[in-house]
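Everything below concerns the one structure shown next.
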Amino acid sequence: GVYLTMINIATLYLTTMDIVGRVYGAQYAKSKELPTLVSDCVKRMIEQMIDREGTDRPFSPMLHVYNLYANIVGTIVFSERFDIEQTELRKFKYISTDFLTDLGNSLFLYEFIPVIRYFMANPLIKYKRYFKEMLNYTRDIYIKHDKTHDLNNNLRDFCDILIAAKHEAIAEDKQTAPYFTDDNLPVVLIDLFMGKLF
């Protein structure tokens with residue numbers, strides 16, 4: 001009963017978000033804005049890399065590559081650009097990739113050997129705190145976008161695409177309208193951002 005209803009709701013929700021992503025994402029991918037955005041991000045990151053690292057010595061490019069990719073995806077998803085030193089970028093990086101190496105085997109020990117929980121702290125405390133902070137950060141971006149959203153379909157990014165789909169679903173009283181909530185959409189945005197970075 002309840003379990004099947006939850007599965008049906010989750011399936012409908014995921015299907016709706018997938019359709020919205022494919023339809024509007026394909027439109028954005030075909031637009032002239034995407035190549036311009038990527039070109040601008042690459043140019044800015046190369047300039048920043050040269051300024052920070054110089055051209056006369058070797059350096060590890062990993063953080064710069066992550067920053068470049070995060071800027072492209074962040075701009076596509078919610079029109080945000082990041083700096084290597086920006087706290088939000090570091091926290092997104094942690095919750096998308098770094099937590100795996102940070103936790104090592106402690107997560108598996110904590111999860112699969114219950115008696116160990118009496119002797120060690122939950123290894124996911126930092127992850128949960130960062131995720132909650134980034135969800136609030138993403139929610140603030142969503143709220144700003146929702147207030148400034150152009151109903152004439154001047155879509156700036158994927159956040160605007162989701163807001164437009166929400167308004168369309170509500171206006172047409174679609175079956176998916178209840179899932180386009182102000183709680184769900186920021187989660188979708190953070191999922192899109194992190195999913196594309198991992």
Side-chain angles (χ1 to χ4, degrees), residues 1-21 45 52-53 59-146 157-159 162-163 166 176 178-198:
V2 174
Y3 182 70
L4 288 176
T5 303
M6 288 173 42
I7 290 174
N8 290 340
I9 290 170
T11 303
L12 182 60
Y13 169 75
L14 293 172
T15 303
T16 301
M17 293 306 147
D18 185 51
I19 291 168
V20 168
M45 288 303 115
R52 285 182 60 102
E53 307 294 343
F59 63 92
S60 175
M62 291 308 294
L63 187 57
H64 294 287
V65 170
Y66 184 88
N67 190 21
L68 170 64
Y69 197 63
N71 273 286
I72 292 169
V73 174
T75 306
I76 291 169
V77 173
F78 40 68
S79 296
E80 285 291 306
R81 294 190 180 222
F82 297 100
D83 181 75
I84 289 176
E85 299 302 324
Q86 190 173 344
T87 304
E88 291 83 8
L89 177 65
R90 293 200 177 267
K91 288 180 179 179
F92 270 126
K93 187 173 185 305
Y94 182 83
I95 62 177
S96 62
T97 59
D98 290 355
F99 80 96
L100 294 169
T101 54
D102 187 36
L103 295 178
N105 291 331
S106 63
L107 177 62
F108 299 110
L109 292 172
Y110 187 82
E111 287 296 317
F112 297 111
I113 305 175
V115 74
I116 284 193
R117 292 180 183 189
Y118 295 111
F119 306 106
M120 73 185 282
N122 184 345
L124 290 174
I125 289 172
K126 181 178 177 181
Y127 178 88
K128 288 177 182 179
R129 186 182 73 226
Y130 279 9
F131 188 87
K132 185 176 181 181
E133 290 173 14
M134 293 302 88
L135 184 58
N136 290 335
Y137 173 78
T138 306
R139 184 175 287 115
D140 291 343
I141 292 170
Y142 168 77
I143 290 168
K144 277 192 281 185
H145 271 65
D146 199 24
D157 51 35
F158 204 82
C159 185
L162 287 177
I163 293 167
K166 175 181 94 169
T176 57
Y179 305 105
F180 284 98
T181 67
D182 292 342
D183 289 329
N184 287 349
L185 294 182
V187 175
V188 170
L189 292 171
I190 200 169
D191 188 46
L192 285 168
F193 182 75
M194 286 178 47
K196 298 302 179 200
L197 289 177
F198 187 61

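All heavy atoms count here, side chains included; hydrogens, waters and symmetry mates do not. For this chain, numbers begin at 1 and follow the sequence in order. Remember, it's a predicted structure, so these values are computed and weren't measured experimentally.
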Side-chain donor-acceptor pair present, Ser96, Tyr66, cut-off under 3.5 Å
yes
Minimum heavy-atom separation for Asp157 and Phe78, please, with both atom names.
OD2-C, 3.3 Å
Give a yes or no answer on whether the side chain of Asn71 reaches the backbone of Phe82 with a donor-acceptor pair at less than 3.5 Å.
yes
Say you draw a straight line from CD of Gln86 to NZ of Lys91; how long is it, rounded to the nearest 0.5 Å?
11.0 Å
Can you say whether the rings of Phe99 and Tyr127 are parallel (under 30°), tilted (30 to 60°) or perpendicular (over 60°)?
tilted
First locate atom CZ of Arg129, then atom CD of Glu133, and finally report the distance between them rounded to the nearest 0.5 Å.
6.0 Å
Show your reasoning for whether side-chain contact (heavy atoms from CB on, under 4.5 Å) applies to Arg139 and Asn136.
CA-CA 5 Å; Arg139 184 175 287 115; Asn136 290 335; 3.1 Å; yes
Between Tyr142 and Ile163, does a side-chain contact (heavy atoms from CB on, under 4.5 Å) hold up when you go through it step by step?
CA-CA 9 Å; Tyr142 168 77; Ile163 293 167; 3.6 Å; yes
Compare all side-chain heavy atoms of Leu103 with those of Leu124 and state whether any distance is below 4.5 angstrom.
yes
NZ/NE/NH1/NH2 to OD/OE distance under 4.0 Å, Glu88 and Lys93:
no
Rounded to the nearest 0.5 Å, what separates atom NE2 in His145 from atom CG in Leu162?
10.5 Å
Rounded to the nearest 0.5 Å, what's the gap from SG on Cys159 to CG on Leu185? Could you check?
8.0 Å
State, to 0.1 Å, how close Tyr110 and Arg117 come at their nearest heavy-atom pair, and which atoms those are.
O-NE, 2.9 Å
Main-chain N/O of Gly74 paired with Arg81 side-chain donor or acceptor, under 3.5 Å:
no
List the steps, then state whether side-chain contact (heavy atoms from CB on, under 4.5 Å) holds for Ile95 with Phe92.
CA-CA 5 Å; Ile95 62 177; Phe92 270 126; 4.2 Å; yes
Apply side-chain contact (heavy atoms from CB on, under 4.5 Å) to Phe59 and His64, showing your working.
CA-CA 10 Å; Phe59 63 92; His64 294 287; 3.8 Å; yes
With heavy-atom distances below 4.5 Å as the criterion, would you say the side chains of Tyr69 and Val65 are in contact?
no
Atom CG in Asn184, atom CZ in Phe180: separation rounded to 0.5 Å?
9.5 Å
So, applying side chain to side chain contact (heavy atoms under 4.5 Å, CB included) with Pro123, which one of Asn105, Asp102, Leu109, Leu107 is it?
Leu107
State the CG-CG distance between Leu135 and Asp140, to the nearest 0.5 angstrom.
9.5 Å
Give a yes or no on whether a salt bridge exists between Arg90 and Asp98, defined as a side-chain N under 4.0 angstrom from a carboxylate O.
no
